[in-house]
Trainee: 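Handing you this structure, nothing more for now.
Keep in mind that the numbers below use all heavy atoms, side chains included, and drop hydrogens, waters and symmetry copies.
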Amino acid sequence: MLPPNAGVSAALFIAGALCFAGGFITWQTRINTPGASSLITLAFSLCWWDITYGLFLANAPALYPNFWLHTVYVGVVLTPPSVLWFAVQISGLTTWSKPSLVISLYAVSVLVLALLATDSYHGLFFGGIEIKNAEMILSGGPIFWANLAYSYALMLISLFVLTRRFRKATGIFRKQLGIVLFGVIIPWVSNLMFVAGLSPLPNVDNTPLSFTVTGIIFAYALLQYRLLDIIPIARDVLIENMSDGVIVLDSENRLVDFNPAALQSLELERPPQIGQPAGEIFAKWTDLVEDFSGVNDIRVELSFDKPIRAFLDLKISPLYDDRANFLGRLIVWRDITPLKNTQTELQEQVIRDPLTGLYNRRYLNEILTRELARATRENYPISLALIDIDDFKHVNDAYGHPAGDSVLQRFAKQLLNQTRVEDTVYRYGGEEFLVLLPNCAGANAMKIVEKWRSSFQRTNISYKIGITGITISCGIAEFPTDGGTGEELIATADQFLYHAKATGKNRVVARANR
């Protein structure tokens, strides 16, 4: 027997400890997460393989010459099915990961171990040529070769499953699967080196060390990329093809995943990196970070003015594991700008007169109360002008309703052109119009409305339909002199309008000239 290789034994002990730590961490923090059970089994199998093989190389005391080498086989036969089980689970192949399949995988391993333990009775494993104190088992009977083929088949299937899923994956799941795929490839490369005589340990089986590297890589993916926090089940369908933007943040507000719609909405110069702080990702929406960085559950509508007016329906949802440990947040937003524009259009239709485009009486009732409250608060007057087109029934009777509609439209356009930005113009009903003039005293309002009257009388001369001499009458009420409420102001203005009609029409009447 060759002298014990103390350096390799020490490396195997360290590797076994790392595998044990990875399995223990997964057990403590991810035990109820899909994929955790297979990773724990794999980690502990590798731990067993490393430590028992290290004890064998260290020439540790044993019950019989090949005791440790036989014991190593517990880890040897459990590792390949654990790798496949893990690959199936993180790839989201739910139909493959049924209990019956898992039991079948490990049943083969148990059968091989039973045949190994009873080989002295049937010789099926070693084929009668077991070499005592051998560094490794290089040959044997039919069960040995069948198990070898079975193990390679499981690893090959694992490689196929991960490669297929990797090609379809995007975002963080592509990174995760890429790391796992790299870990599965390691034993294949190591084995090829061993067969080609290129192994740095020619007298030692380097397979456990190569599988340990695989286990460490899986653990790295677990800790660095939160491998088992969110399993990509049907992710391509549910997330990648969504028109809504989706961002997943961890508990430290770092990026975990995103979809193409989110990337398009964020308008970043380059794709974000996994682990990037949320403040950098949402640099375009600084208010979002400031207002919601500590919010875990909310639904709200947001509006942005740059470069154009846009609206978002934002939903933030917390993510927890089965032990109620906070994992992070799911942020989903939808561009509802078309919906809001449609709502605005519908609202405009509700509050506007369809013929003239002016605000209607319904909207006046809403605005008048608000304007009077503001005037009271800031202590300024408001004038209300109620206008009626004189003898409008005669226009309809003599020239038809299209001609009457034209008169209404022309007068509405005139009022819009001759009023201030802060003034609001309403079609009060029929041929009556109302203009609300904030911060305008009655005397000044008289001068303004008189200009409207004179201008309307002049422009009607040019009508091609033959209508001439159309005039308006108007009554003006001032707040708070003529009334303290909207109803009182309108009633007063109506009285003054009636007075203007009764005293010859084509007049503007207010309290001052009544």
Trainee: Has the side chain of Ser251 got a donor or acceptor atom that lies under 3.5 Å from a matching backbone atom of Gly328?
Mentor: no

Trainee: Going by heavy atoms in the side chains, are Ile143 and His122 under 4.5 Å from each other?
Mentor: no

Trainee: Which distance, rounded to the nearest 0.5 Å, do you find between the CG of Asn439 and the CD of Glu422?
Mentor: 7.5 Å

Trainee: Carefully, step by step, assess Leu372 and Phe479 under the rule side chain to side chain contact (heavy atoms under 4.5 Å, CB included).
Mentor: CA-CA 8 Å; Leu372 293 180; Phe479 172 81; 3.6 Å; yes

Trainee: Does atom CG of Asn417 have more than 12 heavy-atom neighbours, drawn from other residues, nucleotides or ligands, at distances under 6.0 Å?
Mentor: yes

Trainee: Please examine the side chains of Ile247 and Trp333, heavy atoms only from C-beta on, and report whether any two atoms are closer than 4.5 Å.
Mentor: yes

Trainee: How long is the gap from CD on Gln276 to CG on Asn253, to the nearest 0.5 Å?
Mentor: 13.0 Å

Trainee: What are the two closest heavy atoms between Val74 and Leu78, and how far apart are they?
Mentor: O-CG, 3.1 Å

Trainee: Do you know which two heavy atoms are closest between Leu124 and Asp119, and how far apart they sit?
Mentor: N-OD1, 3.2 Å

Trainee: Do Arg299 and Leu314 have side-chain heavy atoms sitting under 4.5 Å apart?
Mentor: no

Trainee: Got a second to check how far Ser317's OG is from Leu319's CG, nearest 0.5 Å?
Mentor: 7.5 Å

Trainee: Which atoms form the tightest heavy-atom contact between Ala114 and Thr118, and what is the distance?
Mentor: O-OG1, 2.8 Å

Trainee: What I'd like to find out is whether the side chain of Tyr380 reaches to under 4.5 Å of the side chain of Arg374, using heavy atoms alone.
Mentor: yes

Trainee: To the closest 0.5 Å, what do you measure between OG1 (Thr79) and CG (Leu154)?
Mentor: 11.0 Å

Trainee: Does the Ser109 side chain pair with the main chain of Val77, one donor and one acceptor, at a distance under 3.5 Å?
Mentor: yes

Trainee: Any side-chain heavy atom of Leu364 within less than 4.5 Å of one from Asn360?
Mentor: no

Trainee: What closest approach, in Å, do Thr337 and Phe311 show between heavy atoms, and which atom pair accounts for it?
Mentor: OG1-N, 2.9 Å

Trainee: I'd like to know if Glu366 pairs up with Arg362 as an ion pair, taking the criterion as any Lys NZ or Arg NE/NH1/NH2 lying under 4.0 Å from an Asp or Glu carboxylate oxygen.
Mentor: no

Trainee: I would like to know whether Leu156 and Phe160 meet side chain to side chain contact (heavy atoms under 4.5 Å, CB included); could you show each step before the answer?
Mentor: CA-CA 6 Å; Leu156 190 61; Phe160 172 77; 5.9 Å; no

Trainee: A side-chain contact here means heavy atoms from C-beta on lying under 4.5 Å apart; do Ser38 and Leu42 qualify?
Mentor: no

Trainee: Nearest 0.5 Å please: distance from the CG atom of Leu105 over to the CD1 atom of Ile157.
Mentor: 8.5 Å

Trainee: Checking side chain to side chain contact (heavy atoms under 4.5 Å, CB included) for the pair Leu330/Ile316: CA distance, chi angles, key distance, verdict?
Mentor: CA-CA 6 Å; Leu330 174 67; Ile316 301 177; over 6 Å; no

Trainee: Not counting sequence neighbours, which residues clear salt bridge (Lys or Arg N to Asp or Glu O under 4.0 Å) with Glu252? List them please.
Mentor: none

Trainee: Between Thr41 and Tyr106, does any side-chain donor sit less than 3.5 Å from a side-chain acceptor?
Mentor: no

Trainee: Do Asp423 and Pro438 have side-chain heavy atoms sitting under 4.5 Å apart?
Mentor: yes

Trainee: Ring pair (Phe, Tyr, Trp, His ring centres under 6.0 Å) with Phe44: which residues, sequence neighbours excluded?
Mentor: Phe20

Trainee: Going by salt bridge (charged side-chain N to carboxylate O under 4.0 Å, His left out), Glu301 matches just one of Arg334, Lys315, Lys340. Which one?
Mentor: Lys340

Trainee: Using side-chain heavy atoms (C-beta onward) and a distance below 4.5 Å, is Leu368 in contact with Leu436?
Mentor: yes

Trainee: To the nearest 0.5 angstrom, please state how far the CD1 atom of Ile40 sits from the OG atom of Ser45.
Mentor: 11.5 Å

Trainee: Taking atom types as modelled, is there a side-chain donor on Tyr426 or Thr424 under 3.5 Å from an acceptor on the other?
Mentor: yes

Trainee: With a cut-off of 6.0 Å (strictly less than), are more than 12 heavy atoms of other residues, nucleotides or ligands near CH2 of Trp48?
Mentor: no

Trainee: Start with the C-alpha gap between Ile382 and Leu437, add the side-chain angles, then the distance that decides, and say whether side chain to side chain contact (heavy atoms under 4.5 Å, CB included) holds.
Mentor: CA-CA 6 Å; Ile382 291 180; Leu437 299 96; 5.9 Å; no

